[in-house]
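To keep things clear, I will list the structure first and then write my remarks on it.
Side-chain atoms are counted along with the backbone in the values below, which use heavy atoms only and exclude waters and symmetry mates. Lettering follows sequence order; numbering is per chain, from 1.
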Amino acid sequence: MICPNRWWAGLLLLAIGCSPPTVTSPDPAGSSADPGPDSVAADAAIPGGLVGSAWPVRMSDDALRGPFESHSGWAALLMQRDYPAALGAFGGDAPLAVGQARIHTELAAAYRQALRVGANATVQVYGENRRDEDPAAVDCLLLVSYVLLGVDDPSADRLQACQRSELEGLGPHAAAWDAWRGSGAWPPSDALAVTAGQPGPPTAGAMPDAGPLPHWRAVDLVEGLEVQLASPAGLLGLALFHEQAARAVYPQGEAAISAMLAPWLLPGEPAPAVSDELEVPLEFLFGSAMLVPADLSFMVDVTRGSGAAAVDTWKDRSAFASTIAPCVDVAGGAVDVPCVIENAGRAFDQLRTAMEIRSGGEQGYHRPFAELGRVGTIRAAEAVAEAMGDEQAMGLLRLNALDLSIGTSAEPHYLLSIAAWDAGNRNSSRASDALHAQVGHIPGVEVARFPLDALHVRLSRESAPGVPMH
Amino acid sequence: MPRQVAILFTVISLGVLLVFAFHAPDRWTVMAEAEPYASPLVLPPFGADGRGRPLTDYAMQGAHIVSLPAVVAGLLVTFLGVVGGLVRCMGSARVESVVAGLREVVGALPRMVVILVVAILMPLEWRSLMALAIVWALLAAPGAMDEAASVAGRLGGARFVEALRAHGFSRVRIYLYHVVALNLRPVVVRQGAETLMQVVFLEVALSFLALAAGEPSFTHNEATTKSWADLLYQGYQSIAMDVPSAHALVLGLLLVAVTAVAAVSISSAARAR
Amino acid sequence: MRRWWAQPLVRAVVALALPFAVPAIITLLIWALPGSPVSIICPGCDGAEGLAQRWNLDQGMVHFYTNWMGGALHGEFGNSWRVVQGVPIAELLGPAIPVTVTLILLAMVPLFLASALAGLGWIPRQLDPLFQAIGLVPAMVPALVVYAVIALRFGANMADGPESLTAKLLWGAIILGITDGALSGAIVGTRSLFDNERKQQYVVVAQLRGEGVLSNTLPNVAGALVGQMRGRMLHLLSGAVIVEAVLRIDGLGDYLWRATLMQDFGLVLAAATGFALVSGAILMLQALIEVAVAWHQRRAPVIPAPGVV
Amino acid sequence: MGRSRHLLVAAGISAAVLSTGAALTYYEGALPTTLNPLYAAKMVDYRAQELVFDRLWYHSPINNELESRLVQSWELTEGGKGIKLELASGIKWHDGKPFTADDVCFTVKAMLDSGTPSPIAEGYRDILAGCTPESRSTAIVHFTRIVHNPRERLGFSVLPEHAFDGNTAISPDLEFSARPTGTGPMKGSRGTRGVTFQSFANGHHSPQVGQMQLQESGDPLLAIKALINNSVQGIIEVAPNFRADVSASDELALKSYDLRSWWFVAINSKKAPLDDRRVRQALNFMLDRTELREKSIGVKPGERNSPCEFISGPFVPSSPYYNRSVPAVERSDQGQAEALLKEAGMEKVGGRWQFKGQPVSFRMGMEKSLDNEAPDILSYISNQFEAAGIGSQVYKIPPDNWTTEAITGHLTDYDLLVGKWSFGQVEDVNELFYTRSRGKGTRNIFNYSEQEVDRLLAQYDVAKTDTAARDAYHKLHRKLAEDLPYLFLWKLDTKSAWRTEVKGNTIAPYYYFTQFDSWRYEG
């Protein structure tokens with residue numbers, strides 16, 4: 001309760017019952033007064049042993065944080081999520097291989113999500129909302145999109161319909177992807193060979209774009225106006241380029257790179273094995289939404305392994321698993337959203353308290369670092385809800401995570417994954433905002449813009465009349 | 001208060017207001033010159049506002065808004081007071097009853113109500129303090145005329161004039177010197193000074209209300225001009241919400257005090273010997 | 001004024017005419033405004049002719065005024081156009097008039113006390129500068145401080161809700177009564193009135209006869225005293241507009257202020273007429289008291305003042 | 001605390017009031033003009049009405065599914081020109097009366113009735129043809145033509161027939177506008193100081209917030225302090241310069257509110273010298289948007305994820321209608337501005353531009369409430385013009401005058417007007433630039449009229465394909481960026497702030513309270 005504490009104000013308002021101001025900001029929840037680096041608070045979300053090993057707490061040690069803080073690459077990555085600047089800085093005079101690998105891996109994940117945005121938008125606009133004006137060429141893109149999304153195509157003769165389009169290179173492109181469907185071969189080199197905009201051989205520090213766009217220019221069947229088309233598959237080449245560049249520049253991090261990529265893989269991709277003793281360098285964790293190496297393994301297990309059952313498996317080793325465990329009813333197949341948000345808040349407080357104790361006082365970076373822990377926890381619960389098929393909880397958790405993903409927590413690949421989910425839900429406004437935010441920073445994501453723009457125009461022209469408001 | 005002191009105070013206070021009014025920048029300087037809420041020590045003479053802009057501009061522009069309308073309203077009331085007094089000296093009963101009737105009608109309604117109704121009818125671009133100041137003066141005039149008339153009455157009204165005529169003074173000299181200069185002066189000057197102060201308070205009140213209601217002001221164009229009400233408004237925030245703008249409140253109250261001192265000292269300077 | 005009843009009669013006539021004159025003048029001025037009132041009621045509505053006809057705006061000023069006054073006489077003021085669109089104005093102003101009258105009466109308490117003490121000479125002249133200094137504080141600064149503290153301390157809905165009305169009226173009355181020169185005016189005005197009267201010859205004679213000073217002076221100053229009190233009440237009514245608007249008290253003054261801002265002519269007309277009614281009532285009260293005083297004086301013996309031919 | 005509580009009682013605030021459950025109170029920038037959905041004039045109206053009424057169909061804020069709480073099942077009839085609605089049962093109006101098919105048809109008829117002068121109803125008149133109630137729970141809505149996704153077109157709020165005793169000519173000043181009867185989760189009543197909402201459990205709603213209060217936040221600083229002080233629990237629109245305070249507090253949460261808004265300076269192209277396009281283009285080059293943005297909104301150049309991005313046309317940059325080949329003028333270019341003014345016949349005398357011997361000076365206005373989001377922007381703009389040699393008098397326009405005069409094209413004695421427009425899913429700008437005539441161009445601020453623009457807008461209206469519509473708006477963007485009825489400034493995101501005691505507060509794009517049943521307040 002803030003009350004004016006100036007003497008004359010107090011005097012003036014004595015009769016209104018203004019007592020001297022009490023401390024307004026309550027002590028961080030769960031913190032006990034007695035020191036002890038990792039003392040277990042009463043309502044701990046993260047087990048005491050794990051808190052100390054979380055990267056935000058480890059990074060409260062000035063000696064450990066020093067080299068990161070002084071390197072412009074980490075500042076560009078963490079403060080601005082600016083990949084080109086960070087990649088340039090890591091490739092500078094004393095190249096930091098692990099840093100480069102980290103950026104390339106995140107780019108590999110981001111391009112995959114951009115691909116899903118394009119594929120979902122193509123399915124929604126030309127699949128769910130087909131209009132007479134749409135040229136035959138869209139059937140080819142629909143085919144490729146269904147293949148990339150691992151979704152069965154409702155129409156059996158999609159390929160024949162596609163062949164009717166005489167656009168140069170489009171038929172073979174669709175046929176190649178149709179051939180690859182179900183073959184299980186990865187990477188789909190033959191299909192990629194007939195996909196436009198393929199980058200050259202992977203080289204560390206390079207950020208190629210998606211080549212000339214649009215891939216094809218068709219004509220609409222009613223007014224005869226130009227329709228610009230682009231195949232989402234164009235982004236797979238870029239994703240693989242960065243994945244291979246990461247593996248090439250940091251060969252020892254093979255397992256870590258695979259684990260980091262696992263939650264973002266496309267349906268057709270083989271999943272990496274879930275390893276108990278995963279070696280993850282601090283450079284991969286620093287500034288990410290994963291607190292401890294076991295969190296990576298937990299996320300791999302949830303998204304590509306045993307699904308919701310992973311919560312019990314990793315409850316004692318992964319910070320996320322232990323935090324969300326009380327809120328997940330594996331048998332009932334439901335996630336308690338308020339409980340997750342409450343526990344994520346407790347984990348946030350726990351991390352800040354531990355960081356404060358470790359660095360001997362409140363520091364500016366404590367809040368943003370702990371915020372990443374909170375966002376990561378909610379995103380983990382979201383993945384568990386998705387694995388269990390609890391759509392409502394997954395949606396609510398995504399909205400909460402989206403609200404927190406601002407400033408230093410705005411990880412591009414996560415934001416693009418939300419855009420992909422929105423595109424699939426025909427929420428073209430939010431999807432185009434999220435995609436637009438990355439255009440100009442991640443070269444080539446404009447490929448996904450062609451189908452998304454078409455979806456947005458179609459939806460906005462066919463909704464209830466609206467007037468500009470002020 | 002002795003006359004010389006009163007005259008000195010008058011000169012100082014009016015001088016301060018007119019100097020401020022004269023130097024007021026006609027465009028609102030949005031250039032920050034110091035830290036937000038810098039104290040007068042950091043940015044003399046009056047410190048800065050929430051965006052680092054000097055409070056002197058507030059004081060000067062506020063003075064600029066009020067100076068002319070307040071003086072015009074004061075002179076108008078003084079003039080009408082003199083007319084009221086002279087009318088009593090002419091001894092014409094009909095005119096007196098008209099003034100009395102006018103006083104009843106005009107005095108019937110609270111002034112702020114009349115001001116607000118006039119304000120509502122002014123189109124957006126005519127909004128200025130001058131129109132409202134003149135209306136306020138016309139509302140105050142009957143009171144001044146009545147008081148001047150009672151003074152003239154105590155003198156003896158028309159009989160006083162006849163008596164002096166018998167001494168061979170010209171009619172003009174009697175009215176101007178004897179009636180007005182010597183006898184009516186204290187009353188009408190005090191009424192005029194009070195109206196001058198009230199018009200300043202009216203401007204501060206209306207601007208403050210507009211600020212509290214989040215509406216543009218009736219008295220000035222606050223896109224380019226700040227008023228003393230802005231000072232008081234920032235000052236209130238220092239009391240109610242721990243904003244470090246107490247120096248704005250002090251300056252605001254100081255300026256209000258200077259206006260009051262001006263009014264009081266004018267009245268006592270013009271007091272009968 | 002030759003005959004004693006002339007002045008009270010003028011006051012009574014004005015008191016009765018006010019509630020009719022004020023709306024007439026405002027209607028006249030509304031029509032002088034550019035643009036049609038209908039566009040203010042329903043901006044951007046095409047085909048609003050029906051509305052103009054509904055609110056009697058389509059047949060000129062006199063038609064509008066006669067209809068408005070006809071409705072007003074039996075409490076039908078139409079609906080508010082902008083401030084609370086759709087709510088009958090009578091429903092808004094019904095509770096507003098007692099709120100404003102309460103505020104004024106509460107504010108009169110410190111003034112009555114001060115005037116009585118000053119009249120009895122118990123307030124020394126040296127304190128005058130202090131009261132004048134207090135009077136200089138513009139009413140809205142303490143008013144906004146009180147509002148902000150209530151809002152910050154008890155919650156915004158409390159600050160604007162009915163629960164805090166009593167507290168706001170109490171504080172509003174204190175602020176209204178003390179600031180803006182109300183208190184200092186009351187003290188100085190009453191004291192000078194009684195001081196002048198005490199200098200009169202008959203008071204000296206009365207004292208020689210062992211009678212009380214007050215019992216003699218009071219009847220004679222009663223008329224002037226009531227005039228001063230009425231002036232004070234009008235001054236408070238004027239200040240009430242500001243205090244109500246700042247403290248967000250739903251009284252006549254605040255409705256007039258908000259209706260002015262939002263050009264809600266129906267409400268402006270009604271609120272201004274409300275003020276005219278209150279002012280008229282005070283004026284009528286003064287006329288009656290003057291008649292009573294004059295009637296009392298006529299029955300008391302008249303001692304001719306020396307030196308008046 | 002004992003002493004002060006005793007004093008509180010003395011101060012007239014009864015202790016009993018303090019102990020009852022407090023209402024969930026939130027601040028809006030202004031009070032709603034009306035609670036009648038047919039006369040929503042501002043965004044605050046839409047948000048308040050969403051609590052009181054149900055729209056026939058709405059998009060779920062979570063997965064954007066098209067859902068309805070009023071319609072149980074539907075099927076197309078009359079070959080696609082009609083839709084038969086089977087209504088849900090067990091739904092009551094706030095006055096207890098049952099919700100029936102007559103109410104749906106009454107609403108459609110009211111919108112089609114010429115006695116209802118509502119701009120919103122105007123929008124529905126070229127889609128809806130009528131409605132016939134087949135039974136108490138079945139109604140058939142008729143369209144004027146076969147439309148794709150017919151349910152998307154039925155996004156209007158349903159009104160109760162019995163509240164108007166069947167009279168379909170609904171005027172804005174009925175008591176219904178202040179005390180409506182709806183089927184929404186909350187029963188609303190507009191008081192003098194704010195709007196009070198009372199929960200109303202219904203067949204299709206189970207609100208968890210018992211009482212809610214909408215207040216008007218006068219001073220933005222008092223609003224933020226009240227929020228931090230828990231005197232109020234939410235603020236709908238937090239100005240950019242206060243967002244850092246909210247993010248830094250443990251008790252507050254900054255929530256995104258999906259509203260597509262862009263800012264502009266409208267130019268009175270009917271008044272010389274502004275009727276000359278070159279003069280308008282010169283003004284466009286005189287403005288330094290980067291400096292304007294940095295000073296008034298506090299966004300540094302090159303800042304990533306900034307809430308404020310420059311535009312060169314009447315769309316947000318992420319929209320497909322935005323013509324990305326038309327660059328925004330981010331920095332001022334005085335040289336080009338001077339060349340254009342000279343070309344337009346002006347000459348610079350003593351640092352001041354003159355037109356036909358007269359010094360050029362413009363009269364500029366801005367809606368006052370924008371001062372909260374971008375403090376002093378009007379002064380910065382006028383200073384930039386001043387530095388370039390163009391004089392200006394600036395005025396702040398009361399929010400109410402903006403609604404009644406600026407938008408309706410009555411402020412013609414102004415030269416420039418700074419404002420902002422907000423859009424939902426529909427980004428139709430025809431109403432802004434179409435030549436003002438009956439039913440068209442209802443928001444054309446300076447009655448701008450240009451043949452080519454009208455042609456493109458008509459092309460958009462009658463476009464049979466998306467590509468045609470998009471091409472029309474791309475050409476419109478380029479044409480407007482050239483002809484400049486507006487100086488297009490930027491798009492600015494909207495953020496809300498709520499206390500952490502408010503839980504489950506999912507915010508729906510544009511309508512805000514669509515998912516209000518999940519909101520909880522543990523105050």
Side-chain angles (χ1 to χ4, degrees), chain A residues 1-2 14-19 24-26 28 80-82 129 131 133 220 222-223 225-227 337-338 341 345 367 391-392 395-396 399 402-403 406-407 410 422 425-430 432-433 435-437 441 452-454 456-470, chain D residues 1 3-5 7-8 11 42-43 46 62-65 119-120 123-124 127 148-149 152-156 225 229 250 253-256 258 260 304-305 317-320 367 402 407 419-429 431-432 443 464-471 503-504 506 509:
Chain A
M1 185 276 307
I2 291 184
L14 194 59
I16 203 132
C18 234
S19 48
T24 50
S25 55
Q80 299 276 345
R81 297 288 161 180
D82 187 345
N129 279 276
R131 297 292 176 265
E133 65 196 62
D220 87 60
V222 171
E223 304 259 3
L225 295 170
E226 179 187 86
V227 177
V337 174
I341 292 168
R367 168 177 282 278
E391 284 268 324
Q392 184 75 359
L396 283 171
L399 294 184
L402 188 58
D403 276 341
I406 48 173
D422 278 334
N425 288 337
R426 296 146 54 98
N427 188 344
S428 53
S429 294
R430 196 164 56 197
S432 44
D433 286 346
L435 183 68
H436 177 73
H441 296 286
L452 189 57
D453 279 357
H456 186 78
V457 171
R458 187 151 296 174
L459 292 176
S460 79
R461 286 190 67 230
E462 292 174 1
S463 50
V467 234
M469 300 295 287
H470 74 290
Chain D
M1 188 55 183
R3 179 177 57 76
S4 55
R5 180 169 295 283
L7 283 171
L8 291 195
K42 294 185 281 197
M43 285 309 298
Y46 271 123
I62 299 169
N63 53 19
N64 200 43
E65 272 314 309
I120 291 167
Y124 279 97
I127 290 178
H148 294 295
N149 297 338
E152 291 274 3
R153 312 306 174 97
L154 303 178
F156 54 84
K225 296 272 178 185
N229 205 36
D250 290 344
L254 198 64
K255 310 272 290 183
S256 45
D258 197 354
R260 322 191 85 179
R304 274 276 275 136
N305 289 334
S318 60
S319 160
E367 197 209 335
W402 184 266
I407 288 180
K420 130 177 147 176
W421 290 118
S422 297
F423 297 82
Q425 174 83 7
V426 175
E427 297 180 71
D428 183 332
V429 292
E431 293 304 314
L432 301 183
R443 283 166 162 68
K464 290 201 275 301
T465 67
D466 294 348
T467 36
R470 196 168 153 198
D471 283 352
K503 302 204 185 296
T506 306

field: Heavy-atom pair of closest approach, residues Gln425(D) and Ser463(A)
entry: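 Closest heavy-atom pair between Gln425(D) and Ser463(A): CG-OG, 4.1 Å.
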Closest heavy-atom pair and its distance - Lys420(D), His470(A):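 Heavy atoms only, the tightest pair is O-CB, 3.6 Å.
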statement: Highest number of heavy-atom pairs under 4.5 Å with chain D among Met469(A), His441(A), Glu133(A) belongs to Met469(A)
- prompt: So which of Ser432(A), Gly395(A), Pro468(A) has the biggest tally of heavy-atom pairs under 4.5 Å with chain D?
  reply: Pro468(A)
Separation of Leu459(A) CG from Asn149(D) CG (nearest 0.5 Å):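 One finds 7.5 Å between CG of Asn149(D) and CG of Leu459(A).
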- prompt: Hey, what do you get for CG (Asp453(A)) to CZ (Arg470(D)), rounding to the nearest 0.5 Å?
  reply: 4.5 Å
- request: Please flag which part of Asn427(A) lies under 4.5 Å from any non-hydrogen atom of chain D: side chain, backbone, both or neither.
  value: both
- line: Okay, Arg131(A) and chain D: the region with an atom under 4.5 Å from a heavy atom over there is side chain
message: Restricting to side-chain contact (heavy atoms from CB on, under 4.5 Å), what partner residues turn up for Ala410(A), sequence neighbours left out?
response: Leu415(A), Asn305(D)
Any donor-acceptor pair under 3.5 Å from Asn63(D) side chain to Asn425(A) backbone: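 No, the answer is negative, given that no donor and acceptor are paired below the 3.5 Å cut-off.
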Only pairs of heavy atoms separated by less than 4.5 Å count here; which of [options] has the most with chain A?
{"options": "Asp428(D), Asp258(D), Leu154(D), Thr467(D)", "value": "Thr467(D)"}
{"options": "Gly123(D), Pro509(D), Gly155(D)", "value": "Gly123(D)"}
{"options": "Gly424(D), Pro320(D), Gly504(D)", "value": "Pro320(D)"}

Non-neighbouring partners of Tyr124(D) that pass ring pair (Phe, Tyr, Trp, His ring centres under 6.0 Å), sequence neighbours left out: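 Tyr124(D): ring pair (Phe, Tyr, Trp, His ring centres under 6.0 Å) contacts with Phe156(D).
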message: So for Arg153(D), is it side chain, backbone, both, or neither that comes closer than 4.5 Å to the heavy atoms of chain A?
response: both
